[in-house]
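The block underneath contains the structure these notes are about, expressed in structure tokens.
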Amino acid sequence: MSSSDKKNASYGAILKSSSIIGGSQAFSYAVGLARTKIVAVLLGPSGVGLIGIYNSIIALTFTVTGMGLGNSGVREISAARGKDDLEEIGQVQLALRRLAFILGGAGCIFFVLCAPWLSQILFQDSKYTLPIAIIGIILIFNGLKSTQTATIQGFRKISALAKATMLGTLLSSIVAIGFYGILGEKGIVPALITISALGMLVSWRYAKPLYHQPSDSSWLRSWLHSRRLLALGAALAWGALLGEMTPFLARALIVRDLGIAANGYYVAAWAISGLFIKFLLSAMWADFFPRLSEAANSLETRNRLVNEQTEVGIIVALPGVLAMTILAPLIIRILYTQEFAPAAELLPWFVLGLFGRITSWPMGMIVLAKGEATVQAVMQTVSATMHVAWLYVMFRLFSLQGLAMAFALHYVIYNMLLHAFLFKRYGFCWSAAVCRLLLMLVSFLLIIAVLKLMLPLMYYGIACALVIMVASGYSSFQLYIRIASNPKLEKLVAKFPKGWVDFLDSMVRRYG
């Protein structure tokens, strides 16, 4: 296979995985929204609030007891696959299962011992002691699910991962509605436990064919693998905790100085921007990270994969970033109400900041693929510290909007610092194609800013519609020249009039 064919195949793989994972995410969101509506009707505000408290306890505890094993497991399994070492794959899988039982069991004990205290702290009542003690078993189910998902992802079975996600979402919704409809609030704990168990069984259904029985299944061998898994997992868990703490601090500032209503604007804008970017980041984590882990020790392949993923991320996100920047007031009115209008001022900044994640994530995954836990932990700490500092400064200068501006500013600076660090440590640098795409994004944003300053509202809307059309055409063409030799695409293009086919071929030869 020629170098050009390899690049086209790689771009095709990125787009295929993005479409599969994106589709499963869209399905899960749709089912989740329907379930949320039904549960709200069945249980009311108090029941929904109780579910939220239980889920918060479980999520926070699992961040600690889970130790990032699912993510570090992906890295170890992918690296072993890169060496075609089935024995090591089996040993990693066995170590993951044993760790899931041990850490999950420790979490169960924590829930049993601390249930009276947690019930008093969270509810000012001891009647929730038994439910809190019981839900600790969910930590074992979630731990096993994460390790099984690590096997699916480590083998890059993207379709299986998407099917497991959609089936798990559908079954959990049916179970939740059934329990809540029959038992009301008394069905919350049984529903949560059953949903977790079903998630574990669904992931096992798709992971089972990928398991290998190692010849050496001793606890000593598992411990040797566990040390690597826990080292990288602890760094990832630390990063997850920091990721949760930063928005928590931002919301604390808002509530303290501006009130609860202002916090509602912040949460609304953040939620919408997160939906836009999460599709891309989910696909990136599902397929790109295992591929990068397999090639972690090859400088040329590693740099090529990171640049290709960054290019596709920018191209796919570009029209959406511009559209959400321009249409922020309309989007807020459609998804919320007119009362949330102030959130429209925050949304463009959040979108820009999350766009910065699209460019920083592929770079940051180099460290994960190399398995350097200490470096990862330091990077996450530096990033969180910078972000908190910017939050405080920008909030004092620009109030509520300053928090959103701080988010965008943080990722601009973090991208530059991360690029410089990776260049010095790993020899990574952005390709000319990535730089051109970033320059094009900045150009479009500057055009929109100038149009807003110069044109009346009606003409501004028309001009911005043209800008979005041009950006969409540009993105479509950039995708086309990267996968022009894809057989399915060639068959489709062949149906175009001959003049168009010749024009596209000439453009690919010139710019491809």
How close do [X] and [Y] get, counting heavy atoms only, and between which atoms?
X	Y	result
Ala408	Trp349	CB-O, 3.5 Å
Ala207	Thr151	O-CG2, 4.3 Å
Ser226	Ala95	OG-CB, 3.9 Å
Asn307	Ser431	OD1-N, 2.8 Å
Gln309	Phe288	OE1-CB, 3.4 Å
Gly364	Leu418	N-CD2, 4.0 Å

Checklist line | Residue of the set Glu87, Glu88, Gln93 for which side chain to side chain donor-acceptor pair (under 3.5 Å) holds with Gln91 | finding: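 The option that passes is Glu87.
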Quick check for you: to the nearest 0.5 Å, what is the distance between [X] atom [atom1] and [Y] atom [atom2]?
X	Y	atom1	atom2	answer
Arg156	Leu210	CZ	CG	13.5 Å
Phe355	Ser360	CZ	OG	11.0 Å
Ile102	Arg97	CD1	CZ	12.5 Å
Tyr180	Leu183	OH	CG	10.5 Å
Met67	Ser72	CE	OG	8.5 Å
Asn303	Tyr426	CG	OH	12.0 Å

Taking the side chain as everything from C-beta on, heavy atoms only, tell me whether [X] gets closer than 4.5 Å to [Y].
X	Y	answer
Arg302	Phe428	no
Arg425	Val375	yes
Ile138	Ile195	no
Leu229	Glu76	yes
Lys127	Ser119	no
Leu305	Arg291	yes
Met363	Asn415	yes
Ile89	Phe155	yes

Next item on the list: Evaluate the criterion side chain to side chain contact (heavy atoms under 4.5 Å, CB included) for residue pair Thr165 and Val202; output intermediate values, then yes/no.
Entry: CA-CA 9 Å; Thr165 300; Val202 169; over 6 Å; no
Item checked: Tyr211: partners by ring-ring contact (aromatic ring centres under 6.0 Å, His included), with sequence neighbours left out ->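 Per chain and number, Tyr211 pairs via ring-ring contact (aromatic ring centres under 6.0 Å, His included) with Trp204.
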Margin query: Restricting to ring-ring contact (aromatic ring centres under 6.0 Å, His included), what partner residues turn up for Tyr128, sequence neighbours left out?
Written below: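 Partners of Tyr128 under the ring-ring contact (aromatic ring centres under 6.0 Å, His included) test: Phe123.
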Check: Is it true that atom NZ of Lys157 has more than 12 heavy atoms of other residues, nucleotides or ligands lying nearer than 6.0 Å?
Finding: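 Incorrect, the count does not exceed 12.
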Item checked: Pair Phe421 and Tyr414, ring centroids less than 6.0 Å apart ->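 When the ring centroids of Phe421 and Tyr414 are compared, they turn out to be at least 6.0 Å apart.
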Margin query: What verdict does the side chain to side chain contact (heavy atoms under 4.5 Å, CB included) test give for Leu103 and Leu139, after you've listed the backbone C-alpha separation in whole Å, the side-chain angles of each residue and the deciding distance to 0.1 Å?
Written below: CA-CA 8 Å; Leu103 295 174; Leu139 297 174; over 6 Å; no
Treating [X] as the side-chain partner and [Y] as the backbone partner, does any N or O pair qualify as donor plus acceptor under 3.5 Å?
X	Y	result
Thr359	Gly356	yes
Thr147	Leu144	yes
Ser173	Thr169	yes
Ser203	Gly199	yes

Do any side-chain atoms of residues 379-389 form donor-acceptor pairs under 3.5 angstrom with protein atoms, and if so which ones, sequence neighbours left out?
from: Thr381; atom 1: OG1; to: Trp238; atom 2: NE1; distance (Å): 2.8
from: Thr381; atom 1: OG1; to: Ala377; atom 2: O; distance (Å): 2.8
from: Ser383; atom 1: OG; to: His410; atom 2: NE2; distance (Å): 3.1
from: Thr385; atom 1: OG1; to: Thr381; atom 2: O; distance (Å): 2.7

Next item on the list: Go through the steps to decide whether Ile132 and Tyr54 satisfy the test side chain to side chain contact (heavy atoms under 4.5 Å, CB included), and finish with yes or no.
Entry: CA-CA 8 Å; Ile132 292 174; Tyr54 284 148; 4.1 Å; yes
Note to self: Given Thr194, which partner from the list Val189, Leu171, Val175 fulfils the side chain to side chain contact (heavy atoms under 4.5 Å, CB included) test?
What the structure shows: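 Considering Val189, Leu171, Val175, a side chain to side chain contact (heavy atoms under 4.5 Å, CB included) with Thr194 is found only for Val175.
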Checklist line | side chain to side chain contact (heavy atoms under 4.5 Å, CB included), paired with Asn142, selected from Thr65, Thr61, Ile58, Ile137 | finding: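 It is Ile58, the one option of Thr65, Thr61, Ile58, Ile137 that forms the side chain to side chain contact (heavy atoms under 4.5 Å, CB included) with Asn142.
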Margin query: Over 60° means perpendicular and under 30° means parallel, so tell me whether Phe350 and Phe407 are parallel, tilted or perpendicular.
Written below: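 Because their plane-to-plane angle is over 60°, the rings of Phe350 and Phe407 count as perpendicular.
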Next item on the list: For side chain to side chain contact (heavy atoms under 4.5 Å, CB included), just list the numbers for Leu422 and Val306, CA-CA rounded to whole Å, side-chain angles, deciding distance to a tenth of an Å, and then say yes or no.
Entry: CA-CA 12 Å; Leu422 294 177; Val306 173; over 6 Å; no
